[in-house]
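Keep in mind that what you see is a predicted model, and the values were worked out from it rather than measured.
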Amino acid sequence: MTENLNSNGMSIAPGVVDTIIAIAVEEVDGVASVGHNAAQTLRSAMFGKQARGGIETEVLPDGKLDITLHLDVRYGYVLPDLAAKVRQSVGDALLVQVGIEVANVDIYVDGISFDQN
């Protein structure tokens, strides 16, 4: 999402929505990281900003969000159950915090982490 989103008389910057999504996803037990890869880590180090490369959002004509997430997950979790928890967490966070409804959350598991910390 490259433009501001309007919800309940507020204009919300795309970075705010991405941050809310990232925090909601990272709070789900079993998620190791959101979209971290070598290119993103390098970009973050060079520019001193936390990158949100694993999150793509699109505002649909009805005002709802279509979200695509790229995740690394921890070994040992049932992926369909984990994906359902991520979808619920993201939908709840956006609705409660900024009043935005989510139409769809597509989840791509890009890697599995064997570190249980």
| message | Run the side chain to side chain contact (heavy atoms under 4.5 Å, CB included) test on V34 and E26 for me, step by step, so that the C-alpha distance in whole Å, both residues' side-chain angles and the decisive distance to 0.1 Å come before the verdict. | response | CA-CA 7 Å; V34 179; E26 290 171 351; 3.8 Å; yes
| Quick one: do I112 and V31 end up in the same hydrophobic cluster if we chain Ile, Leu, Val, Met, Phe, Trp and Tyr together by side-chain heavy atoms under 4.5 Å apart? | yes
| query | Under a 4.5 Å cut-off applied to non-hydrogen side-chain atoms, are L65 and V17 in contact? | reply | yes
| remark: Tightest non-hydrogen contact, residues L60 and A103, listed as CD1-CB, 3.5 Å
| request: Identify whether Y75 and V73 are in the same connected component of the hydrophobic contact network (ILVMFWY, side-chain heavy atoms under 4.5 Å). | output: yes
| Side chains of I67 and L94: does their closest heavy-atom pair fall under 4.5 Å? | yes
| query | Below 4.5 Å, heavy atoms only, C-beta onward: do V28 and L82 meet side chain to side chain? | reply | yes
| query | Can you tell if the side chain of Y108 reaches within under 4.5 Å of the side chain of L71, non-hydrogen atoms only? | reply | no
| query | Side-chain contact, heavy-atom cut-off 4.5 Å: I21 with V105? | reply | no
| task | Taking all non-hydrogen atoms of both residues into account, name the closest pair between S89 and A24 and its distance. | result | OG-O, 2.8 Å
| task | Show your working on side chain to side chain contact (heavy atoms under 4.5 Å, CB included) between D18 and I20 and close with a plain yes or no. | result | CA-CA 5 Å; D18 289 354; I20 291 169; over 6 Å; no
| Side chain proximity check, L95 to E101, heavy atoms < 4.5 angstrom | yes
| said: Measuring only between side-chain heavy atoms, which start at C-beta, is D29 closer than 4.5 Å to Y77? | reply: yes
| message | Let me confirm one number: the CD1-OG1 distance from I55 to T68, rounded to the nearest 0.5 Å. | response | 10.5 Å
| request: Kindly indicate, with the supporting measurements, whether the criterion side chain to side chain contact (heavy atoms under 4.5 Å, CB included) is fulfilled by I100 and K64. | output: CA-CA 7 Å; I100 299 172; K64 295 180 180 180; over 6 Å; no
| request: Check whether any side-chain heavy atom of L69 sits under 4.5 Å from a side-chain heavy atom of V86, and report yes or no. | output: yes
| query | Rounded to the nearest 0.5 Å, how far does OG of S33 lie from NE2 of H70? | reply | 12.5 Å
